[in-house]
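Here the structure is a predicted model, which means the values were calculated and not measured. Each chain gets a letter, A, B and so on, in the order the sequences are listed, and its residues count up from 1.
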Amino acid sequence: MATAERLVRSWMASEKDSEVDESVAGISSGQFTLLDIIKALGEFLTSEEDRLRMKGVEFLSSVLGRCPHERLNRQAIRVLSTFYCSKLEDLETIIPALNGLSYLVKFPNIQSAEVKDILNAIFANVKMRALVQSTRFFVFSIVDSLITSHRDTLKEMGSTFLAGYLNLAVGEKDPRNLMLAFAIARVVLVEFDTLAHIEDFFDITFCYFPITFRPPPDDPYGISADNLKQSLRLCLSATPAFGLLGIPVFLEKLTAGSPSTKRDTLHAMDICLPVYGSAVSREFGKKIWSSLKLEIFQPTDPDTEHSALNTLQALVRTMHADQSQDAVHEDSITGLARDMCNECMQALKEPEKAQARAAIKVICAFARANGPLSRFAVSQAAELLIRNFHDPDEVSNRASVVMLLTELIEACRGDATHAPISQSSHSSLSPLTASKDALLGLLIVSLKTPATCLPALHGLTALVRTPTLVADDELGYIVLEVSELLRKEPDEVEDVTTDTLALLSAIAGIAPHHLSSQMLPILFSFLPDVTPSRDATAQRAFYWRALSSLSALCVQPQLFETLVVRLIAKLDLLCAISPTRTFDQESTTAYAHAILTALTNTLDVKVSSKDVDVPKYAELLLPHMFRLYLDAALASSEVMAVAADPRLLQVGAKIIRLVNQTLNVARQEKLVAAVFAAYTQGDVKLITGGLLNSSTPFAPLYLNASPRQRNTFILFSSTIVSLRKEVRMPVDNLSTFLSELVAWSDNPSSTVFQREAASHILASNVNKHVDDVSDFLSSQLEDYSSSALKNTSMPAEARKNAISTWTSVTRALLVRSHPSANAFIDHLFELLDDNTVDWDAARAIGLLASEDAILTKRNDAVLKILHVQKYFNTVMSRLLEGAKGTKGSRRETAYLVALAYLINAVPKAVYVTQMPSLMPILLRGLDLVDPSIRSHIINTLSNNIDITSTDKDAVSMYASTLVLAMLKNCTYSEMPDPGVRAAALKYLALLPGTVRYDLLHPYKTRVLKELAKILDDPKRAVRKEAVIARTNWYKYSG
Amino acid sequence: MDVDLPYRLELISDLPGHDERAWQVAWNPTKPLLASCSADKSVRMYSYRPSDHGSKSLAFSHMGTIPTGHTKTVRSIAWAPSGKTLATGSFDSNVGIWEREDVSDSEDAGETAGDWECMTLLEGHETECKSVGYSSSGTLLASCSRDKTVWIWEVKPDADFECMGVLMEHSQDVKCVAWHPSEEILASASYDDTIKLYIDDPSEDWFCFSTLSGHKSTVWSLSWSPQGSYLASSSDDLTIRIWKRVEEHEWKSVLELRGHERSIYSISWGVGKGASENLGWLTTTGGDGKINVWEITEMQHTKDPLSATLIARISGAHDVNDVNSVSWCPRLEHPDLLATAGDDGSVKVWRVVPS
Amino acid sequence: MNGEIFNANPTVYASKRSTRKSKFEAGQSLWIDEQYQPELSSESEVEPIDEDEIFDLIRSIADPEHPNSLEELRVVSAEQIEMGDNHIMVEFTPTVPHCGMSTLIGLSIRVRLMRSLPQRFKVDIRVKPGSHQSELAVNKQLNDKERVAAALENSALVETLEKCLEPIGGPHSR
């Protein structure tokens, strides 16, 4: 007791929060009760002084706010509620009192009697307009809590509550309070009997529609316009009773409003119409239709048009909602629906006109609405269009007709958002079933004339994709007809190959047998056994068309197998070793290359889509590959061996890699064992599946091995790089093996092609088995670094090669964030002061950050996230440091080069923050001779134009430099490389959009003048950019 | 340049400077001054003097630019005979009158003189003003516009102007006005393919006493022969016509010349340097970038009263650009000097020299 | 633009794909794979401006009164472009003979070409003979450089023009 008083007094004096906590603690510990506090407050609560009374209640409320719920018994609660209610009459205490009540109503054992008292007191005494937002918020949260926990009591109160609440809610403006108000209104409208007050509720909800609220920049409650819109929509759609009142409002907003208002209204209607019900929808149907029609037939913007179509769908759904789904007979279609259809049919009579397109959109909306109307509308439209197609006077419009029909088929097929009609409850049959035969016939006919061919293909594709619509034999028929198109010479018509293939692939998915029986034979027959001669461009284009068609179609397992068999056979013919130069080697190689590429493309697709049938090609395909290549490699250099060509080996390597990636550990071990047997012991039996038996020994690893044998190294490498980490290399000591590799690739006789293959093996192994190669790494750092990397007595070329070897090892460590990477990087940095290789070292440093083609997930490399960022941060600061105070020196150039490549290699996010400090350096870089560096820098600048431009000073500081530099770099006489010219122009094109006019307008005339000259650039691509840039500068104005 | 011709055009000076297309050049009749106007809304002034080396050649130098304050292209400029006043006609539909503060009458109108000031702005046209011109006495100023009208202003003391008449004879834009070299006769050329001639009826107002038809398309430019007995016109129909005064108030087409592949935007008739019995030199230019110079001679006892001989020609005078204006230097000491203005924004000065 | 619509329901055609051949198709290389293609492409080779390129410039211009490109309405077509050396004649076909938009369309073509082609080209623009009731008037206006220059100093008109010119380059996409 005493303590309670002490606390009260000291609080009244100090208002220290600690007193509140102490009191709460007292109550929780049972020292005293809340009632004691009230008693202790007595004198203040009755004091003449307003301030004291207020502070008294304030204290009580804050204590109550933190008081544990179980500490208040019913009686205490009754006392408190009567107490607070009485305080509501006192203007001085109303605020803390409401605050207190907002806590009190949350207590579990508050009784419905108190609830009623509290509400009545509030209704009687609270004048919302007189209160500030925060206080009004108390009121709303009180009602809100009561709605949640005492809904029935409130229902009992009936009109008293409804009228009372309406009176509170009317005229509220604050978004935070409105969020509560809307939530309350929603519940009330759904659950309470509001009929008597419906108009008032209409007023306190619809008056906010549409929401135009824009949240202030630093809104503490983070209420977005969308939050409000959504919860308001829930109110608008809360009761059918709003129908008669609401729809006129919508219609009015539709005619008057801005595009955004229109869309907002349309969305609201989508939700509301179904609630308002069919009766109302029918009543207003005509009006709604006529305003929707406007948005669809004279569209202002695509979005609004699209929303309008959705609403139309909602409308027709609702209009027929009450009709039993199986009442499909036409007489169940309301008059309005008929009129709508008829209007569309009128428009469809001129299929080539713009209005017809709008009309078909409407019909499609009906189709998706799935009511009885959909069958009616669809069949009507289909019949009309089909009739029109066959009308001799309308032949010129057939293309349009087919296009419209295609849209219709698409709509009936349904898509991701709409369940296909065929699966909808009322019927298992597509509304097109009736007209299917006619459609099919019409589309097939259309294939025959150029004007209608393309649309027909799209139509057929849609038809085929419609579940259960087209029968199997019909699919065969389609394939037969379409195959004609692939027979045609490409230039005969506008090229429709891609669309033809899309259709055939669709069929391949459902009925592969039709393709293997009808399509593939034709396509294979297009592949000549003998290479077309050099000047036979047409044939070449033709066989490539056949090949790409094949590779597009043969993804499905059964078809792919055929593809592999047939293509290998073809390759064997082409690559047969021939002692005499009887044919043109270059074009034969190109032909073989094309075949392999086609195979690779399909394989690539299958691997990425994780097709299960790929692994078996380790046996069905790889041995053939190896035989093909090794055979050629073993052939003497006198004879002609097409498959010895590095360009062919490149593709072959890719095929091996792709297949190997899909193998499990066991099978990979088998494969790698076989490969090693061949490459290290010269035993080629395993790897070629016994297909190869040659007298010449196969020993590519010998330093004096023939170039042809050395070239096949890429196959060895591609097998190894795609191995899983778990697979151990079949060698006694990996370090030694790698060192031998380095020696092999440093051999002066080795080519770039061969060195690359070797470096891939290095990288892959260092990355996956770093712990087994520590000896190798240390030998690199200790010996190789000095013997090769920095050995100035060595020829420059050799050192450059050493750098690339070095880089691949470094990257292997880098991507797995291995500590020893830094030691390697340091050596590269030291080279930046070396006059012979500084540039190469710089490029290497930059490129280390770039994506690696070999160390990838697919190849099961060990990759640590953020390794790029880590690398960038360390290196960048080093480079910035190093570049300081080296203006114009050779050293600066090296650092610039490194920077340029580095930034170009990493994603924007990585260096964004550094941009300000980078700008000046990059600008200097624009004067470097090397075009690739310039284009790197220009790209970087383009990617960051927004940053540089938001920072006003930065731009005004660099504006002139930038503009002039770009003008220079896009001029033919100044910059021979078209890539750079185009990049510079792209940059110039960006400026007007991003930089404030007042900063750049002094340059406008000059830029326009200069660009006028660029318009005559010899390169089409450059001119294109120039046009865009110049147009943008013309429009550039204050 | 065609070598077989007796004369050739020698480039004396290339004067770039306008940011946009230059529309017209005008020689000052009394001072060594050349003015040009442009879509960049400015007028540029060039002075010239015998260059230190070689008495014959001249040195041109930019001596100032008038920003004018016209809100649109300055399409046309004209000097008053006194050489003291310059009129500008602009697409902003106004005509500006410019004088130099503290004018020094010294022959050398050099840098000593002060800035050009706008004395008055003549408002009246509803749309773009396309041409302006002073009468030989300098007491009258004419202007024309796309609004189909020709306005005649009386020049009063202290840059005061009074409108003497608004002539609404043409059915389309009026492209050009030109005053007779001695009498108060005004000629106007139009998009309606016709040329109209006006005089002042002492009792009545200005009126059109003759319409010259014959061109098949827009008539772009007009120039009177030095003695005033002939009028030359150039047109979009790719022809040049010469009209002879056969009666006090009657003019007849006597000659039709061809020599351009695109619209002939400008024509100028100078005294020339040839034999005294000829009627002087006529020069034309246009969208094909060519400059042609013809010698015009009167023929005795032949059916054609006139003959014109092409004596000099140059193609690509302003590189690939259209040439919009050509004008002979009116000063007696330079009868062989002419200036051109082109879409490249530059002004060029040429001398016709024996080849 | 004023409310009057000259053709409320025009015929809409499909817009063709741009059909430039790859080096391989054009027979300049045996290899599909660019990396093996002869390098003549890069520095030396000159690609002169041709009809296709000019058509690519104007095909995407938007019609003043419809959400379609001039190509889709067959107002312009590759066949209606003629090229001599440094001379270009572009012919266009109004959707209806009384189309009051013709001058505006012609102007937008001229402006696009003015901004996109080297100075050396002299451009003539005319409506397809017999396709417009006041054919001559339209042609004369479109080829009067003084009129065009003045029009381009009329800010209201320029604003409308810029709208028509919005999508630059590339085939018009709906």
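- Contacts between C/Ile49 and chain A at a heavy-atom distance below 4.5 Å involve backbone atoms as well as side-chain atoms.
- Taking OH from A/Tyr1034 and CG from C/Leu165, the interatomic distance works out to 11.5 Å, rounded to the nearest 0.5 Å.
- Across every non-hydrogen atom of C/Val46 and A/Lys1019, the tightest pair is N-NZ, 4.2 Å.
- Of all the listed residues (A/Lys353, A/Glu352, A/Glu350, A/Met403), the one sharing the greatest number of non-hydrogen pairs under 4.5 Å with chain C is A/Lys353.
- Neither the backbone nor the side chain of A/Ala1026 comes within less than 4.5 Å of any heavy atom in chain C.
- A/Arg1030 and C/Met114 get closest at one heavy-atom pair: NH1-O, 3.6 Å.
- Atom CZ of residue C/Arg115 and atom CD1 of residue A/Ile1028 lie 14.0 Å apart, to the nearest 0.5 angstrom.
- Interface summary for chain C: among A/Thr589, A/Thr597, A/Leu1011, the most heavy-atom pairs under 4.5 angstrom belong to A/Thr589.
- Counting non-hydrogen atoms of other residues, nucleotides and ligands closer than 6.0 Å to NZ of A/Lys1009 gives a total above 12.
- A/Val1027 places a side-chain heavy atom less than 4.5 Å from the side chain of C/Leu57.
- Checked for salt-bridge contact, C/Asp56 and A/Lys1024 miss the test: no charged N lies under 4.0 Å from a carboxylate O.
- When all heavy atoms are compared, the tightest approach of C/Glu47 to A/Arg1020 is OE1-N, 2.5 Å.
- The minimum heavy-atom distance linking C/Pro118 with A/Leu1015 is given by the pair CG-O, 3.4 Å.
- In this structure, no portion of A/Ser548 lies under 4.5 Å from any heavy atom of chain C.
- More than 12 non-hydrogen atoms from other residues, nucleotides or ligands lie less than 6.0 angstrom from CD of A/Glu586.
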